[in-house]
Protein chains: 2
Amino acid sequence: MARLEPLSTTTPCQNCALRALPIFRCLSGAELAFVEKFKIGELEVQAGSDILLAGTHSAHLFTIFGGWCFRYDLMEDGRRQIHSLLLPGDFIGLQTEMLGTMQHSVQSLTDVRLCVFSRERFWTIYESFPELAFDLTWAAACGERTVEVALSNVGQRPSFERLAALVVHLYRQLDGLRLVKDGTILWPLTQQHVADLLGLSTVHVSRVLRRLVDSGLVRLDGRRLTVVDLPALAEVAAVDPEKPLRRPLI
Amino acid sequence: MARLEPLSTTTPCQNCALRALPIFRCLSGAELAFVEKFKIGELEVQAGSDILLAGTHSAHLFTIFGGWCFRYDLMEDGRRQIHSLLLPGDFIGLQTEMLGTMQHSVQSLTDVRLCVFSRERFWTIYESFPELAFDLTWAAACGERTVEVALSNVGQRPSFERLAALVVHLYRQLDGLRLVKDGTILWPLTQQHVADLLGLSTVHVSRVLRRLVDSGLVRLDGRRLTVVDLPALAEVAAVDPEKPLRRPLI
DNA sequence: CCTGGTCGTTAACATATGTTGGTCGGTCGC
DNA sequence: GCGACCGACCAACATATGTTAACGACCAGG
């Protein structure tokens, strides 16, 4: 299952490529220095590994440096709901600090590189770095909003629209991270993932995905997806222009 | 729509009946004193009033003192998804501070009494009261978890189970607030509300609600709902025992 | 080279849920 | 008292989505 390998080579936070992106808040020198100390190291995780498990305490806190993860609930009979995809810059493990134990689980979707933070020094943030403390609340609020959008999607949209909305949302997120190349994004999701994301059966996902591809709005080859006509896709998805929100990066 | 009436008589935070409940974290004397100053006053709101509107800044922040609200998304064509019900002790308006503008709306479901807080002094929390700052993050994390549960519910459960899970969840919440009397709770929800909460049509809610009542697990007369057999209801809802989480109260 | 596994696909069929439209009982304003 | 409106209910019907089962492509392991 989980294979967590500590890494030898790590990137100093000052040079972090993610921080350069305009969607992330810029940290002051003092804050950066603290984050640097707060950070224990980096971790490489294989695709398909459970990073955090519901019901447990996490020994660490993480930020995704590269790769995709997702958080999910598992019911006793095996049904799974994926709450959201987690992309570079997303913070993992807040629930451990706040609620005492993780309520959901987190799994890697691709090979992933994580920045690892010390739980011991967590309190220092609130004591000494109000802006960073604010960022944590901010991050939680962003996470909440993401789930809200997913809920509205699943609760209100028919499957085709639902899938289209997922693609648009993902595309915009990745665009903010500069992970779109010529309209093409990575598509590491199996149809099982999509099904659990959208609350559909895999068979139906297969149908709807085919319909989406046949419509010509997107192309799909292997693990890459190309958005041919974003405005048209957003139109059929019935999503408003909504820009990706600016976010904190711990 | 919204009728916001300032009140003459307000309750000092020290004597707040909510704070006495064990599900809320206990504040220190200094914290209580600050909250008292942070609080501007109280507000009485009629049932069915919009308290916050998506896309706007809120002039104030609120905590529900009494009554029910809900937060929701509205789509252009009128579809509505209710993300969660808000009960006494729930904090309203965090998104305004964090994301710059509300992404969802909040409406009162019953007549509601709100504690009103000053946005100007919001930053003071992070500067001077780390525990309260922590509480804000904590509150956001709780809110996020609530939406996650709703998403799993809507995405994975068939309608009957879905409705049963809603009732169990609500019952437990209200129980923690001492708002259950002889197994009976307030039920101010129209079938339209339930439909928008669960992602169903009103017609189907009518069917399923009837089925639930016919099953004998709950009784429903007017605006009161009685849970006849909670364990059996939880069983049919396929929800785990899950205790209501301890929460902060600002 | 077989083998078993995962992943995607398709068809036939079953069913949960949505839609339309109508009724009926309250309640509120006049 | 009347009419308008809203909330709940019901029946008939339409359809979106789920289920089961089978098949082929691909890939990793023995």
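Every chain is numbered from 1 and lettered A, B, ... according to where its sequence line falls, protein lines coming before strand lines. What's counted below: heavy atoms across the whole structure, side chains too, no hydrogens, waters or symmetry copies.
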* Please report, rounded to the nearest Å, how far the P atom of D:dG7 is from the CZ atom of B:Arg207. => 19 Å
* Separation of atom CD in B:Gln192 from atom P in D:dA8, rounded to whole Å -> 9 Å
* Asked: Does A:Lys181 come within less than 4.0 Å of A:Asp175, counting only side-chain N to carboxylate O?
  -> no
* Asked: Which whole-number value in Å describes the distance from B:Arg157 CZ to D:dG18 P?
  -> 16 Å
* With heavy atoms under 4.0 Å as the rule, sort A:Gly199 into base, sugar-phosphate or nothing. => sugar-phosphate
* Can you check the A:His204 NE2 to C:dT10 C1' distance for me, whole Å? -> 14 Å
* To the nearest Å, give me how far apart CG (A:Leu209) and C1' (C:dT10) are. => 15 Å
* Structure fact -> Quick note, B:Val203 side chain, CB onward, closest among C:dT20, D:dA21, C:dT17 is C:dT20
* Closest nucleotide among C:dT17, D:dC10, C:dT9 to the B:Arg210 side chain -> D:dC10
* Report yes if a side-chain nitrogen or oxygen of B:Thr190 is closer than 4.0 Å to either non-bridging phosphate oxygen (OP1 or OP2) of D:dG7; otherwise report no. => no
* To do: Would you kindly say whether A:Thr226 and A:Thr184 are connected by a side-chain donor-acceptor distance under 3.5 Å?
  => yes
* To do: Indicate whether OP1 or OP2 belonging to C:dT9 is found under 4.0 Å from a side-chain N or O atom of A:Ser206.
  => yes
* Answer with yes or no whether the side chains of A:Ser152 and B:His83 bring together a donor and an acceptor at under 3.5 Å. => yes
* **For atom CG of B:Asp214 and atom P of D:dC9, their distance in whole Å** => 10 Å
* To do: For a side-chain contact (heavy atoms from CB on, under 4.5 Å) with B:Leu163, tell me which candidate from B:Leu197, B:Asn153, B:Val218, B:Val208 qualifies.
  => B:Val208
* Can you tell me the distance, in whole Å, between the CG atom of A:Leu198 and the P atom of D:dA16? => 17 Å
* Asked: Between A:His193 and A:Phe70, is the ring centre distance below 6.0 Å?
  -> yes
* **Whole-Å distance separating the CZ atom of A:Arg223 from the C1' atom of C:dT6** => 11 Å
* To do: Determine: side-chain N/O of A:Ser159 to OP1/OP2 of D:dA16, distance under 4.0 Å, yes or no.
  => no
